[in-house]
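As structure tokens, the structure follows; a few thoughts come after it.
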Amino acid sequence: MTSERDDAAPRAGTDGLLGPADVRELAAALGVRPTKQRGQNFVIDANTVRRIVRAADLRPGDTVVEVGPGLGSLTLALLPAAAHVTAVEIDDTLAAALPATVAARLPELVDRFALVRGDAMRVTELPGPAPTALVANLPYNVAVPVLLHMLATFPTLERALVMVQAEVADRLAAAPGSRVYGVPSVKAAWYARARRAGAIGRSVFWPAPNVDSGLVSLERRDPPRTTASREEVFAVVDAAFAQRRKMLRSALSGWAGSSAAAEAALVAAGVGPRARGEELTVEDFARIAAHRPGRAGAPGGAPHAAAPGAAVDDTGTDSVDTAATDTADRRNQENSAA
């Protein structure tokens, strides 16, 4: 890991990137003090943003969407590597200043840049060409729902490279059977193949967070072939991990209407009733969803209303995953961000 001294302002300035002094000067000029509420920890290490761009494996024709650009550290590194960059920023002060930062440091690339002011969780369309890549230092308190929202909303996204809290990175990339495999793991797998792409220390941020960070690379894949909708599949996932220590016959009883009905669905899907959610692939969950008793197209035929406690959490937040909601993790996520 490089030190702040390795990326002092003079060296960073040779390619327009921000060094530690630049970040602090910009923040001071704008009257910006990083806040926990919006998960603001700004990257001050130019070598780190160069590394992120290399790991993103961008093509010259890529249209990149960046969520939470902040003062522009990563934005400035993305612009030379892509055909177009659209940044989505919720903070009005930061959003207002970012175009000027791009124009001052990379004037020859301003035509590649676009800004959307707003909440990434509410964005449903972007200006310019359809995005092909997502590259972002995601605010850690909303990282998983933002990632899944972007993947669901923009099917043209072929790849993603995101920096998140290290524990969340582990969950996103976890395989069935892993201790940290849970809701984020399965829902991410619906859209993409995820893998860990590196670790990031705390010293590259200002202020330094209380947790380490990790990079996750995602490559778009076709969802499982199933007659069930994504919402139906995610309802099974939520129900299975809401009581992850229970066998699926019990954990899915509310979703299916009874333990016996849950067992029937599991057997029909080729899944053992004594299995637990952490053992199943996204394809397994898709088969279970397709065999929900009473579901149209499943044995029984008639539509089946959602049972209490089986509502779909389409965001993939850790609130439905007991392994991801312990008090310490919540405190860490609230104290950290990209």
Side-chain angles (χ1 to χ4, degrees), residues 49 52-70 72-91 94-96 98-99 101-103 106 108-139 142-164 172-173 184 187-195 197 215-226 229-231 233-234 282 312 314-316 338:
V49 295
I52 291 171
V53 173
R54 287 196 302 270
D57 191 27
L58 298 176
R59 280 69 158 170
D62 271 328
T63 296
V64 177
V65 57
E66 179 190 7
V67 174
S73 296
L74 179 56
T75 311
L76 294 169
L78 288 169
L79 282 166
H84 190 82
V85 176
T86 300
V88 181
E89 177 58 63
I90 193 173
D91 187 294
L94 295 174
L98 188 55
T101 300
V102 171
L106 296 174
E108 71 280 11
L109 299 180
V110 292
D111 60 337
R112 298 188 185 185
F113 176 71
L115 176 70
V116 174
R117 297 192 189 192
D119 183 348
M121 282 294 297
R122 298 179 181 273
V123 169
T124 57
E125 59 182 9
L126 295 169
T132 58
L134 167 68
V135 185
N137 302 330
L138 293 176
V142 292
V144 172
V146 167
L147 173 62
L148 296 182
H149 171 75
M150 298 301 286
L151 290 170
T153 305
F154 301 103
T156 56
L157 287 173
E158 301 168 0
R159 300 176 308 284
L161 193 285
V162 295
M163 186 196 299
V164 295
L172 285 169
K187 292 186 178 180
W190 174 272
Y191 301 103
R193 297 179 181 87
R195 63 176 177 83
L215 297 176
V216 179
S217 175
L218 299 103
E219 182 178 354
R220 176 78 72 170
R221 52 163 272 177
D222 292 332
R225 297 184 64 179
T226 175
S229 68
R230 182 186 71 218
E231 290 79 11
V233 176
F234 283 9
V282 66
V312 176
D314 199 33
T315 65

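Heavy-atom basis, side chains included; hydrogens, waters and symmetry copies ignored.
Note: L161 CG to L78 CG = 9.5 Å, rounded to the nearest 0.5 Å. Interatomic distance, L218 CG to R159 CZ, rounded to the nearest 0.5 Å: 11.5 Å.
A pairwise comparison of heavy atoms in A95 and P99 identifies O-CD, 3.2 Å as the closest pair. Across all their heavy atoms, A81 and V53 have their closest contact at CB-CG1, 3.8 Å. Scanning all heavy atoms of the two residues, the minimum distance from P224 to V282 falls at CG-CG1, 3.9 Å. Scanning all heavy atoms of the two residues, the minimum distance from A143 to L138 falls at O-CD1, 3.6 Å. Across every non-hydrogen atom of P69 and E89, the tightest pair is CD-OE1, 3.3 Å.
Checked against V64 for a side-chain contact (heavy atoms from CB on, under 4.5 Å), the options T75, L74, L58 give a single hit: L58.
The existence of a salt bridge linking R220 and D222 is excluded, since no basic side-chain nitrogen approaches an acidic carboxylate oxygen closer than 4.0 Å.
At least one side-chain heavy atom of I52 sits under 4.5 Å from a side-chain heavy atom of N137. By the 4.5 Å heavy-atom criterion applied to side chains, L157 and M150 are counted as neighbours. Side-chain contact check for L76 versus V49: every heavy-atom pair is 4.5 Å or farther apart. At a threshold of 4.5 Å between non-hydrogen side-chain atoms, the residues L147 and V164 do not count as touching.
R59 places a side-chain N or O within 3.5 Å of a backbone atom of D57 that can act as its donor or acceptor partner.
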Side-chain donor/acceptor pairs under 3.5 Å, residues 122-135, sequence neighbours excluded:
residue	atom	partner	partner atom	Å
T132	OG1	D62	OD1	2.7
T132	OG1	T63	N	3.0
T132	OG1	T63	O	3.3

List the atom pairs, with distances to 0.1 Å, where a side-chain N or O of residues 108-119 and a protein N or O form a donor-acceptor pair under 3.5 Å, not counting sequence neighbours.
residue	atom	partner	partner atom	Å
R112	NH1	L79	O	2.8
R112	NH1	A82	O	2.9
D119	OD1	M121	N	2.9

> Between R230 and Y191, is a side chain to side chain contact (heavy atoms under 4.5 Å, CB included) present by the stated rule, with each step listed?
Replying inline: CA-CA 10 Å; R230 182 186 71 218; Y191 301 103; 3.1 Å; yes

> Would V67 and H149 satisfy side chain to side chain contact (heavy atoms under 4.5 Å, CB included), going step by step from the backbone distance to the final call?
Replying inline: CA-CA 12 Å; V67 174; H149 171 75; over 6 Å; no

> Between W190 and V233, is a side chain to side chain contact (heavy atoms under 4.5 Å, CB included) present by the stated rule, with each step listed?
Replying inline: CA-CA 9 Å; W190 174 272; V233 176; 3.8 Å; yes

